[in-house]
Participant: 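The structure's right below; bear with me while I get my questions together.
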Protein chains: 2
Amino acid sequence: MQRTSLKSDPCPVARALDSIGDWWSLLIIRDAFDGVRRFGDFQRSLGVAKNILTVRLRRLVTDGILEHTNSREGNAQEYVLTAKGKGLFPVIVGLRQWGESHFYGQKERHSVLVDRDQNRPVRRLEVLSRDGRILRAEDTFVRKIGS
Amino acid sequence: MQRTSLKSDPCPVARALDSIGDWWSLLIIRDAFDGVRRFGDFQRSLGVAKNILTVRLRRLVTDGILEHTNSREGNAQEYVLTAKGKGLFPVIVGLRQWGESHFYGQKERHSVLVDRDQNRPVRRLEVLSRDGRILRAEDTFVRKIGS
DNA sequence: CCGTATCCATTCCGATACTG
DNA sequence: CAGTATCGGAATGGATACGG
């Protein structure tokens, strides 16, 4: 039996996770946001086996999240986020802030995402309604379409 | 060799993914946000094998994301999101909106997350600076703390 | 109805050796 | 440097049978 594919799942969350819902992909994407571009740099930064990294990178390229610029003028090839890949920025930020809130003891400090302009931490990620209210899960529901 | 644990990784994203970075956990959490509470309902909704679901639920309870209310007055036990689990709301919304944007053809429609008060779709999730500007990845950097 | 136990196939992952 | 090839152990996933 094969792992169930979620590519055709009606839920957008499921389809998203079909692409990036494994152990390494989101970490690769995090590194990409931090400016990592080369195979060896991903490999050292993540401590992942090279064969695994190869497969993961290939998948991300196939799914249009990374672009493999092989044809740059006479120098090293790179993996760069596409527009689709950059669209995951709020997800990474959300994971980061959730991690900061719940996985560090009182004395243990962690890195912070900083706004370049203001040189201050980024505002906490919130789900907002059209008129700017902060929404919690209880304030929302999923309106199903079609079947 | 065992899978590398990320529990002590310096990066908050990594620690977060150590808890929820597998194929099923985020889908379970999505269902929990949608009001699913019982074992059998998760099982049917996800189509996951029961033994796997058992392990995943136990892990989520251990990590403080779900609470297993066994002691309710003489009736069925339930799995409910804790405060920590509810903190993943922006992440789920981010995944949902990213999935909506990139995995549906022009004619294929999808469900929408709706604000109960206004009965309108929730605002697109954005990363904001302290003064309300919309930040993109290029506008931010990670300030590392300690080593 | 809520799980647990067992079995088996597939996949994942890490280590290492190797190629261009 | 950027992968590919191969190997073995571990984890995952699905099906099914079973117990409370």
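If you're wondering where the values come from, they're calculated on a predicted model, not measured in any experiment. Every chain is numbered from 1 and lettered A, B, ... according to where its sequence line falls, protein lines coming before strand lines.
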Participant: Mapping A:D22 and B:T54 onto DNA chain C by nearest heavy atom, which one lands closer to the 5' end?
Facilitator: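 Its nearest nucleotide being more 5', the pick is B:T54.
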Participant: State which of D:dG14, C:dC2, D:dT4 makes the closest approach to the side chain of A:R58.
Facilitator: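 Nearest listed nucleotide: D:dT4.
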Participant: Report the relative orientation of the aromatic rings in A:H68 and A:Y79; use parallel for angles under 30°, tilted for 30 to 60°, perpendicular for over 60°.
Facilitator: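 Ring orientation, 0 to 90° scale: parallel.
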Participant: Has A:R38 got a side-chain N or O lying under 4.0 Å from the OP1 or OP2 atom of D:dA2?
Facilitator: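 Indeed, a polar side-chain atom of A:R38 lies that close.
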Participant: Verify whether one side chain among A:R56 and A:N51 offers a donor that lies under 3.5 Å from an acceptor in the other.
Facilitator: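 Checked: A:R56/A:N51 side chains show no N/O donor-acceptor pair below 3.5 Å.
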Participant: Which residue, B:Q97, B:R96, B:H102, forms the side-chain hydrogen bond (donor to acceptor under 3.5 Å, both in side chains) with B:E100?
Facilitator: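 Of all the options given, the one that passes is B:R96.
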Participant: Indicate whether OP1 or OP2 belonging to C:dC13 is found under 4.0 Å from a side-chain N or O atom of A:R56.
Facilitator: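 Indeed, a polar side-chain atom of A:R56 lies that close.
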Participant: From the list D:dG14, D:dG3, C:dT4, which nucleotide is the closest neighbour of the side chain of A:Q77?
Facilitator: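 Selected nucleotide (nearest to the side chain): D:dG3.
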Participant: Mark yes or no for a side-chain to base donor-acceptor pair under 3.5 Å between A:N51 and C:dG14, with no hydrogen or angle criteria applied.
Facilitator: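 Yes.
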Participant: Keeping the roles fixed (side chain from B:S111, backbone from A:R143), state whether a donor-acceptor pair exists under 3.5 Å.
Facilitator: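 Answer holds: no.
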Participant: Anything under 3.5 Å between a protein N or O and an N or O of nucleotides 17-19 of chain C, put it in a table, one pair a line.
Facilitator:
none

Participant: Is A:R116 positioned over the aromatic face of B:F141, cation under 6.0 angstrom from the ring centre and no more than 45 degrees off axis?
Facilitator: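 No.
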Participant: Heavy atoms under 4.0 Å, any strand shown: does A:F42 hit a base, just sugar-phosphate, or nothing?
Facilitator: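 Result for A:F42 = nothing.
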Participant: B:W24 side chain: which of D:dG3, C:dC2, D:dG13 is closest?
Facilitator: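 Given the options D:dG3, C:dC2, D:dG13, the side chain of B:W24 is closest to D:dG13.
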Participant: Taking atom P of D:dG13 as reference, at what distance in whole Å does atom CH2 of A:W23 sit?
Facilitator: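 For the pair A:W23 CH2 and D:dG13 P, the rounded distance is 10 Å.
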Participant: When you measure from the centre of the six-membered ring of A:F103, is the NZ or CZ of B:K84 under 6.0 Å away and within 45° of the axis?
Facilitator: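 Ring-cation test returns yes.
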Participant: What base-paired stems does DNA chain D take part in, with at least 3 consecutive Watson-Crick or G-U wobble pairs and both distances under 3.5 Å?
Facilitator: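 Correct response: C:3-20 with D:1-18.
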Participant: Over all strands shown, is B:R44 touching base, sugar-phosphate only, or nothing at heavy-atom distances under 4.0 angstrom?
Facilitator: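 Result for B:R44 = nothing.
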Participant: The criterion is salt bridge (Lys or Arg N to Asp or Glu O under 4.0 Å); which residues satisfy it with A:R133, sequence neighbours excluded?
Facilitator: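 Once residues adjacent in sequence are excluded, the partners of A:R133 under the salt bridge (Lys or Arg N to Asp or Glu O under 4.0 Å) criterion are A:D131, B:D115, B:D117.
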Participant: Within 45 degrees of the axis of the six-membered ring of B:F89 and under 6.0 Å from its centre: does A:R136 put its NZ or CZ there?
Facilitator: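 No; the conditions do not both hold, so A:R136 does not lie above the ring face of B:F89.
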Participant: Would you indicate, yes or no, if C:dG14 has its OP1 or OP2 atom less than 4.0 angstrom from a side-chain nitrogen or oxygen of B:T4?
Facilitator: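 Indeed, a polar side-chain atom of B:T4 lies that close.
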